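In what follows, a single structure is set out as structure tokens and then discussed.
By convention here, the first residue in the shown sequence is residue 1. In this text the structure is predicted, and so the values were computed from the model without any measurement.
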Amino acid sequence: MIMFPPLGTGQIEQWEMEETEAPAGPFPVDGIVQVKGPDGGVTTYRRVARGFHDPARFMVKTGDWEDWTWINLDVGGWPHPQHVHATHFRVKHRHSYDVAEKWEFIVDDAGRTVGGGTITPIEYRETLPAAASDAGWKDVVSVNNGEAVTVTAHFAHSGRFLHHCHMRDHEDMGMMRPFVVMPAEVLKIEHQAGHPMENPGHSGH
């Protein structure tokens, strides 16, 4: 899961997330985002990477198909066209979420923004109708404000690659992260060594 927090510091960010237990609160808790899905259940995610130089967290098995999901938590800012290296993918679905007034920035005593998270879960609204622009194989997909976009991608090539926003100034700000595709035998060693994390989207196939 990849999320784009609202712009509050002048620095656009791209967070890699993993599911976690809900903290006791109070909210916001830096890097914690809660999502209420179509079934009404709430899932809690925590940030595991945010900058280009953070260690690679997404580990993919060579030859696997995976679902990758991006959520844009901003209300009125930029859409973020997402590009994944060394693969093509198909758009599986777009969902609309209510993200208004769900987020709060954490400010220190000097008035500087030092973090942020949701104060109440963002809420599923609806599945959006398929757009003509989403048809066919792609290597870039736009993630609009308040949208969750899921794609199904095939990772045929081993190596270290990048996923990033395709707006040049955004990727220069830091909306770029590495991921690693490796054979199953090597991935098993990585997991034994305690290096997370496979399947950045909902599931592998």
Validation row: [X], [Y] side chains within 4.5 angstrom (heavy atoms):
{"X": "Val114", "Y": "Asp30", "result": "no"}
{"X": "His80", "Y": "Met175", "result": "yes"}
{"X": "Pro183", "Y": "Lys61", "result": "no"}
{"X": "Asp139", "Y": "Thr87", "result": "no"}
{"X": "Met17", "Y": "Val33", "result": "yes"}
{"X": "Glu16", "Y": "Phe58", "result": "yes"}
{"X": "Thr120", "Y": "Glu101", "result": "no"}
{"X": "Glu66", "Y": "His154", "result": "no"}

[X] to [Y] - nearest heavy-atom pair and separation:
{"X": "Tyr97", "Y": "Lys36", "answer": "CE2-O, 3.5 Å"}
{"X": "Pro28", "Y": "Glu104", "answer": "CD-OE2, 3.6 Å"}
{"X": "Val99", "Y": "Asp74", "answer": "CG2-O, 3.6 Å"}
{"X": "Arg90", "Y": "Trp137", "answer": "NH2-NE1, 2.8 Å"}

- request: Run through Val141, Val143, Thr150 and flag the one making a side chain to side chain contact (heavy atoms under 4.5 Å, CB included) with Arg94.
  value: Val141

Give a yes or no on whether [X] and [Y] share a hydrophobic cluster (residues Ile, Leu, Val, Met, Phe, Trp, Tyr; joining criterion: side-chain heavy atoms under 4.5 Å apart).
{"X": "Met173", "Y": "Met167", "answer": "yes"}
{"X": "Trp70", "Y": "Ile12", "answer": "yes"}
{"X": "Val107", "Y": "Ile119", "answer": "no"}
{"X": "Phe89", "Y": "Val60", "answer": "yes"}
{"X": "Val84", "Y": "Val140", "answer": "no"}

- prompt: What pairs with Phe179 under ring pair (Phe, Tyr, Trp, His ring centres under 6.0 Å), at least two apart in sequence or on another chain?
  reply: Trp68, Phe155, Phe161

- prompt: In chain order, what residues pass the ring pair (Phe, Tyr, Trp, His ring centres under 6.0 Å) check against His88, with sequence neighbours excluded?
  reply: none

- request: Pick out which of His164, His163, Glu171, His170 makes a side-chain hydrogen bond (donor to acceptor under 3.5 Å, both in side chains) with Gln14.
  value: His163

[X] side chain to [Y] side chain, donor-acceptor N/O pair below 3.5 angstrom:
{"X": "Thr62", "Y": "Asp64", "value": "no"}
{"X": "Gln34", "Y": "Thr44", "value": "yes"}
{"X": "Thr152", "Y": "Asp67", "value": "yes"}

field: Derivation of the side-chain contact (heavy atoms from CB on, under 4.5 Å) call for Ile71 and Ile2
entry: CA-CA 6 Å; Ile71 299 181; Ile2 303 156; over 6 Å; no

task: Measure up the Trp103 and Phe105 rings against each other and bin them: parallel (under 30°), tilted (30 to 60°), perpendicular (over 60°).
output: perpendicular

field: Salt bridge flag under 4.0 Å for residues Arg46 and Glu19
entry: no

